[in-house]
Every structure is written in structure tokens, then in C-alpha cells.
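When reading the values below, keep in mind they use all heavy atoms of this one structure, side chains included, and skip hydrogens, waters and symmetry mates. First the proteins, then the strands, lettered A, B, ... as listed; each starts at 1.
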There are 2 protein chains.
Amino acid sequence: MTVSVLLVDDHPVVRTGLRAVLDAGDGITIVGEAATGEEAITLTSHLNPDVVLCDLRLGEGIGGVETTAALRSLDPAPAVLILTTFDRDAEVFGAIEAGAAGYLLKEVAPEVIVEAIRQAARGGMYLTPDMSARVVQGMRNPLPKLTGRELEVLKLLATGATNREMARSLFVTEATIKSHLVHIFTKLGVDSRARAIHVAWETGLV
Amino acid sequence: MTVSVLLVDDHPVVRTGLRAVLDAGDGITIVGEAATGEEAITLTSHLNPDVVLCDLRLGEGIGGVETTAALRSLDPAPAVLILTTFDRDAEVFGAIEAGAAGYLLKEVAPEVIVEAIRQAARGGMYLTPDMSARVVQGMRNPLPKLTGRELEVLKLLATGATNREMARSLFVTEATIKSHLVHIFTKLGVDSRARAIHVAWETGLV
DNA sequence: CCTGCCCTCAACCATTCGGTTGACGGGCGC
DNA sequence: GCGCCCGTCAACCGAATGGTTGAGGGCAGG
């Protein structure tokens, strides 16, 4: 029995490359291509692929994590494999939490992709060794769970906003902002806004 | 006469995609592939391609800008076309200053790549409309030229370092750091370290 | 209903930071 | 040589920031 695959990537060149790579693999049939998350969702509901091979960064519209979540809530739900260039922690964990069956970096060899698709079609997970290492380490000291408000503040902070500006933006007083900041700092394990901005970028929380 | 092309990209999938796309284009022959900048340089000196199609982010070794500069200093020098996912200002300008014959984003249609290669082989430039717009705008208000020391400070700053820490790292006093910071802020047009970090990330100066 | 968490705000303090002015030596070009 | 920029450092000030304690209201879950 052959595995049906939908390709999702905003780069035509990458889609072409994947098509070439996967056509070489036995038992894999590409049933469609999408350039955006929205497209991927509608195509999936029509074509019912076994596996959706999806990039994380999808240009204009919704991102890969949101797309994954939407796809996984369909019935029947396809297995979703993330194939991307980036390895920001927040995105890796976000994708897995959203129900991805695997997370591959584009620098992997073609055979790995084929194998991962087979695995995903069988209902399994596939993670490259460094990714699984990352995940288990992520379980050990998990990303601090910021509350909604704290995340808003952190995003503003990452743009270089001052306390006063953040207070204006969020319609609260500076005291409130400072309160949020203290919580953010302790959760992130830093002691200055500059370092908070740094880890925000590093982990992809921005 | 046919144009010889060397592909440089650290993602096998992308190389495969480019190969498929360019093989479809008349008069283009792919003479080799490289996964790193170093590999690209040695291969170029052996194969003497007319055009080198090069990603900007090349994983471990040297980056696309350095690769471009090295390739352009060879004799005979190939035309270098940058094809990448990112459009950080510093990288665009850096690549062009290094002698690139064009800067394409991977989201462009395959025909555009073919056309750009033809153009480059003829000794011309090729920029997508938004890129040329970016470039002319970049000429109007050019990226502030930071001195070497200022750049060092900015990079440390971007990691969230305090003045004291930067002083230790660079073996100078805090007074010197503050002096550098003032210059950096005025050149970047900001008024706080947080915002400086932000523009550093935005423009890709980090 | 009560406990816990989130969001909100206040007052206080020490530290850091942003901005200024001024200064000194060294290298580089004219 | 002379000027100019770069890098180094100093002293000073006001403003912003980090850290603390405390406190009130709202809302969900037990």
C-alpha cells in the first residue's frame, strides 16, 4: 500500500526538490502541493493525504504550528511532519505539542525524509537524534510558561519598548509593567531586560 | 552557448529542487554542487562555472557573503547569484557589496531563477523589484557604519550583557563601553540599549 | 465557598543606564 | 607636521530600571 503525501512549503524550489526526492522513494505518492497553511487545510480536507509534509515558516498567512493544529483536528486527521530550516526551541516544542509526528531539518539527507514519512504513515513518530535529544532536554527544564499578559509584555519588550511605552500600549500603569517584568525575569532566569530580549530571540518566543 | 552553473546550498533537498528547475531551462548546465562555502571555492577554481548560485546561510563554515567575496576574487571570477530565504538588510547589502550579481528570495518562481542566471551570465545584474527598491532605499539612508570596536560592543550588547560585563570581555573600563554605546545609539538612531538590540536583530547586524 | 492564580497598582530603594563634557594617545592621510 | 577619527578613560547628573513588599479584585476549579 502506498503512502499519499501533501507538500506544504512556500518556496516553489523546495517543493520541486521534495517532489524529486520523494518520487525516488518507493510507495510514496504526492497527491498535492500547497504554498500556504490555509491552502494546506482545504487541500487536506479534499485529498485526505496520509501524511502532510509541512514547512514551519509559510510566508504571509498562518504559520506551521497553527497549520499543524488545524490539520490534526480534521477527520480523518493526517500525520503531520515538520520539515524546516529552523530549530528554535519554541517552534520545535510548539509543533510537537500541536500534534506533529516529527520534526526534521532541511539539512537532512533525502533518505531520512522518506523514512520519516513511512514512519509517520504507520502512525509513529520520527525525530532526528539531535531533535529527540533536544526534546528530552526540553522536558527536563521546560520552557517557562509565561502567562498571556506576560507574553504580551515580552513581545513589546523585544521591540525595545520602555516601561512607559509598554504601559501606554497595554493601558496599564508602569507599576503593572514592572510587576510583569519581574515575573518574566524570574521565569526566564535573567536579571535584565536586555538578557530577556536575548532569550526571547534565542528561544523563538518573539 | 550554454551557461555553466555551480549550486551552493547546505540543504540537499534544495539542491535537488534547483537541479530539477534549472534542467528544465534551456542552455543551462549544472556542473557541480557544493554544500559549504569552502567546497564552493575549491569547486569553482576547478570547474570554472559561469555562474555560482549560492545560499546565504551555509550551516557550519563561512557564510554566503564571505563566499561571494572569495569567489569574486578568483580568476576567472564567476558571477555570483544569491538565492536565500532571508532578506535581512545587512545581508542583502553585504552580498551586493561583496560583488553579487543578484539577490533572489527562494519564494520566487522558478522562471525568475532561470532568467536571473541568464542575466548574470551575460555580466548583468538581476534584482527582484522589491529587492531593488530595498537597495535604492538603502542608498538613501544607508546602514550606519559602525567601527570595528562598536560592532564588538553591539554584539555583546545583543547577548544582553551589562556594561560591566562588556567592559570585562573587552578588557576596558565601563567608561569606554559607555562611550561606545553613546556612539552606537546615535548611529542607530535609538535611545536605549533595548532598542539597539532590536535593530541589531532586525537588520541582521548580529 | 474557599483557595490559588492572574492582573492590577503602590511605595520605596539601590543600581544601572543614558547623556554630557572633556581629555589623552595613536594611527592615517594630505 | 597637522588634522581627523578611533579608542581609551573620567566625573557628573537625571532618569530609567531591578527588586522588594504589600495589597486588592476577579475568576476558575476544587
Please report the distance, rounded to the nearest Å, between [atom1] in [X] and [atom2] in [N].
X: A/L170; N: C/dC9; atom1: CG; atom2: C1'; result: 15 Å
X: A/H180; N: D/dG19; atom1: NE2; atom2: P; result: 17 Å
X: A/R149; N: C/dC9; atom1: CZ; atom2: P; result: 9 Å
X: B/H183; N: D/dC6; atom1: NE2; atom2: C1'; result: 9 Å
X: A/L188; N: D/dG18; atom1: CG; atom2: C1'; result: 15 Å
X: A/L157; N: D/dA16; atom1: CG; atom2: P; result: 16 Å
X: B/R195; N: D/dA16; atom1: CZ; atom2: P; result: 12 Å
X: A/E150; N: C/dT8; atom1: CD; atom2: P; result: 10 Å

Pairwise salt bridge (Lys or Arg N to Asp or Glu O under 4.0 Å) hits with a residue in residues 65-81 of chain B, at least two apart: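 Listed once each, the pairs would be none.
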All pairs passing salt bridge (Lys or Arg N to Asp or Glu O under 4.0 Å) where residues 172-184 of chain B contributes a residue, at least two apart: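 Qualifying pairs, neighbours excluded: B/R164-B/E174.
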Partner residues of [X] under the side-chain contact (heavy atoms from CB on, under 4.5 Å) criterion, sequence neighbours left out:
X: B/L74; result: B/T44, B/L71
X: A/A194; result: A/S192, B/R193, B/I197
X: A/T173; result: A/A175, A/T176

Which pairs of donor and acceptor atoms, one on a side chain in residues 183-191 of chain B, lie under 3.5 Å apart (sequence neighbours left out)?
{"unit_1": "B/H183", "atom_1": "ND1", "unit_2": "B/S179", "atom_2": "O", "d": "3.4"}
{"unit_1": "B/T186", "atom_1": "OG1", "unit_2": "B/V182", "atom_2": "O", "d": "3.2"}
{"unit_1": "B/T186", "atom_1": "OG1", "unit_2": "B/H183", "atom_2": "O", "d": "2.8"}
{"unit_1": "B/K187", "atom_1": "NZ", "unit_2": "B/K145", "atom_2": "O", "d": "3.0"}
{"unit_1": "B/K187", "atom_1": "NZ", "unit_2": "B/E150", "atom_2": "OE1", "d": "2.9"}
{"unit_1": "B/D191", "atom_1": "OD1", "unit_2": "B/R195", "atom_2": "NE", "d": "3.3"}

Side chain to side chain donor-acceptor pair (under 3.5 Å) against B/R57, all qualifying residues, sequence neighbours excluded: B/E91
Residues that B/E111 engages under side chain to side chain donor-acceptor pair (under 3.5 Å), provided they are two or more places apart: none
Out of C/dC9, D/dG7, D/dT8, whichever nucleotide has its closest atom nearest the side chain of B/T147: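 Out of C/dC9, D/dG7, D/dT8, the nucleotide with an atom closest to B/T147's side chain is D/dG7.
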Give every pair of a protein N or O atom and an N or O atom of nucleotides 22-30 of chain D that lie under 3.5 Å apart, one pair per line with the distance.
none

Residues 95-107 of chain A side chain polar contacts: donor-acceptor under 3.5 Å, at least two apart:
{"unit_1": "A/Y103", "atom_1": "OH", "unit_2": "A/F86", "atom_2": "O", "d": "2.9"}
{"unit_1": "A/K106", "atom_1": "NZ", "unit_2": "A/D9", "atom_2": "OD2", "d": "3.2"}
{"unit_1": "A/K106", "atom_1": "NZ", "unit_2": "A/D55", "atom_2": "OD2", "d": "3.3"}

Side-chain N,O (B/T176) to OP1/OP2 (D/dG7) below 4.0 Å: no
Polar atoms only, N or O, under 3.5 Å: list the protein pairs with nucleotides 11-18 of chain C and their distances.
{"unit_1": "C/dT16", "atom_1": "OP1", "unit_2": "B/R164", "atom_2": "NH2", "d": "3.1"}
{"unit_1": "C/dT16", "atom_1": "OP2", "unit_2": "B/R164", "atom_2": "NH2", "d": "3.3"}
{"unit_1": "C/dC17", "atom_1": "OP2", "unit_2": "B/N163", "atom_2": "ND2", "d": "3.4"}
{"unit_1": "C/dG18", "atom_1": "OP1", "unit_2": "B/R193", "atom_2": "N", "d": "2.8"}
{"unit_1": "C/dG18", "atom_1": "O6", "unit_2": "B/K178", "atom_2": "NZ", "d": "2.6"}

Axis deviation across the helix from C/dC1-D/dG30 to C/dC30-D/dG1, five-pair ends, to the nearest 10°: 50°
Atom CZ of B/R122 with >12 non-hydrogen neighbours under 6.0 angstrom: yes
B/L181 and B/N163, any side-chain heavy atoms less than 4.5 Å apart: yes
